[in-house]
Amino acid sequence: MTDQQLDAVERGFATRAIHVGQAPDPVTGDVIPPIHLSTTYAQDGVGRLRAGYDYSRSGNPTRDRLQEALASLEGATHAFSFASGLAAEDALLRSVLHPGERIVLGGDAYGGTFRLIDRVLRPWGVEPTPVDLTDADAAAAHIRDIRPRVVWAETPSNPLLGIVDIARIADVAHEVGALLVVDNTFATPYAQQPLAWGADVVLHSTTKYLGGHSDVVGGAVITSDDAIAEQVGFMQNAAGAVSSPFDAWLTHRGLKTLALRVRQHSASAQTIAEHLVGHPAIARVHYPGLASHPGHAIAARQQRVFGGMLSVELAGGEAAAQAFVGRTALFTLAESLGGVESLIELPAAMTHASVQGTALQVPAALVRISVGLEEVDDLIADLDQVLDWIDA
Ligand SMILES: *Cc1c(COP(=O)(O)O)cnc(C)c1O
């Protein structure tokens, strides 16, 4: 199927994930387009480019295919692929912010996002203000007061799985002339389409669910705003933190199974969350698919599925949390998330160590779990053997 045929009809998500940007090679018929490693391109005369390519930082066919697919999956017109999620954030923020402007970000944003703004951008005159965006009324008052240039929301958030009402925060951001950026890494475009709810830009760490196999680091900025796209496209080339052709190819391969994977990640996470509620070793389960979660109703409206991430607070405090993460057999103690294999970690000491002592500090007894695609009964048995031991 050519991209024109795909465009002609609004195809479903999984169909686009498999076909957009993947038309068979016109010369050889390769069903999987090759990886274009060349750094430079022959010109048919000075400035007469054969297919628009002159130098691989500026443009590369493998990266272009990925960008086309990413834009399609978020229902957007533009996507830019970067060497990491943080490289994507950096390029975006330096494109849209000027010295003296402010950025409001959710109270438990990814630690690296806060560090980038607080330690790298602040010396250039950009002021970060953490605000709890899960409380829309209070957040609206703060945003009207602060009048930021950018509102940065993560939903579900990392690591507390807080849910932000994207449409409501988009309205108040636009009222004060701010852009709403949604970090959609946890949800994935399969589960949630922030642009459709009014966000201006979607940010991804493609390292997580989009790549999906814990073997490639990457990031993306996705938007339907032509002016933002122009600025980010310029920055992608001017600052040069592009994804390599092989990284772009691996990420694109991951996209093809995204729908299937996220459905199963979510189903297994729901089963595990329900199982852990009420276990005597567990004080609290944070999962938006539980009716008891404060953001459940919004997530049910805004998301197609609730996702594969959950976190729990241990009744026995930090010592119990340490014991829990150190004794599972199938859940590997490691940072990152979104791969086929289950992972477990202690945010306060690992992924969120950089925000301890700030307003974004996370509870010491909190354990974050990335539910993988193993048999869910095996995963539950693995968690139970440790929790029963902790509780004994
Ligand atoms: C991992 C992550 C990032 C950063 O992405 P990298 O690919 O590690 O640079 C940003 N936001 C969220 C929610 C993440 O989980």
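In each ligand, atom 1 is the first atom listed, and ligand 1 is the first ligand listed. Just the heavy atoms: all of them, side chains too, but no hydrogens, waters or symmetry mates, feed the values below. Computed from a predicted structure; not experimentally measured.
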* **Sequence-distant partners of Gln193, side-chain contact (heavy atoms from CB on, under 4.5 Å), two or more places apart** =>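 Listed in chain order: Phe13, Glu74, Pro189, Ala196.
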* Asked: Around Arg122, counting heavy atoms of other residues, nucleotides and ligands shown, do more than 12 lie under 6.0 Å from its CZ?
  ->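 Counting other residues, nucleotides and ligands, CZ of Arg122 exceeds 12 neighbours.
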* To do: Please indicate whether Arg263 has more than 12 foreign heavy atoms, meaning atoms of other residues, nucleotides or ligands, lying under 6.0 Å from its CZ.
  =>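 Correct, the count exceeds 12.
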Could you tell me which atoms of ligand 1, counted from 1 in the order shown, lie closer than 4.0 angstrom to a heavy atom of [X]?
{"X": "Ser84", "result": "7 (O), 9 (O)"}
{"X": "Ser205", "result": "1 (C), 2 (C), 3 (C), 4 (C), 5 (O), 6 (P), 7 (O)"}
{"X": "Glu89", "result": "10 (C), 11 (N)"}

* **Polar side chain donor-acceptor pair, Asp382 to Gln385, under 3.5 angstrom** =>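 Yes - a donor-acceptor pair under 3.5 Å links their side chains.
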Using distance alone, decide if ligand 1 has a nitrogen or oxygen within less than 3.5 Å of any nitrogen or oxygen in [X].
{"X": "Val217", "result": "no"}
{"X": "Thr113", "result": "no"}
{"X": "Leu86", "result": "yes"}

* Protein contact of atom 13 (C) of ligand 1 - nearest heavy atom, named by residue and atom, plus distance ->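 It is Asp183 OD2, 3.3 Å.
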* Is any NZ, NE, NH1 or NH2 atom of the basic residue among Glu127 and Arg102 found under 4.0 Å from an Asp or Glu carboxylate oxygen of the other? ->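 Here Glu127 does not pair with Arg102 in a salt bridge, since their nearest N and O are not under 4.0 Å apart.
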* Asked: Between Asp247 and Arg63, does at least one N-O distance fall below 4.0 Å, as a salt bridge requires?
  ->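 The answer is no: the pair does not qualify as a salt bridge.
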* Out of Met309, Lys208, His204, Glu335, who gets a non-hydrogen atom closest to atom 15 (O) of ligand 1? ->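 Among Met309, Lys208, His204, Glu335, the closest heavy atom to atom 15 (O) of ligand 1 belongs to Lys208.
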* May I ask whether Gly218 places a heavy atom under 4.0 Å from ligand 1? =>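 Flag set, Gly218 near ligand 1.
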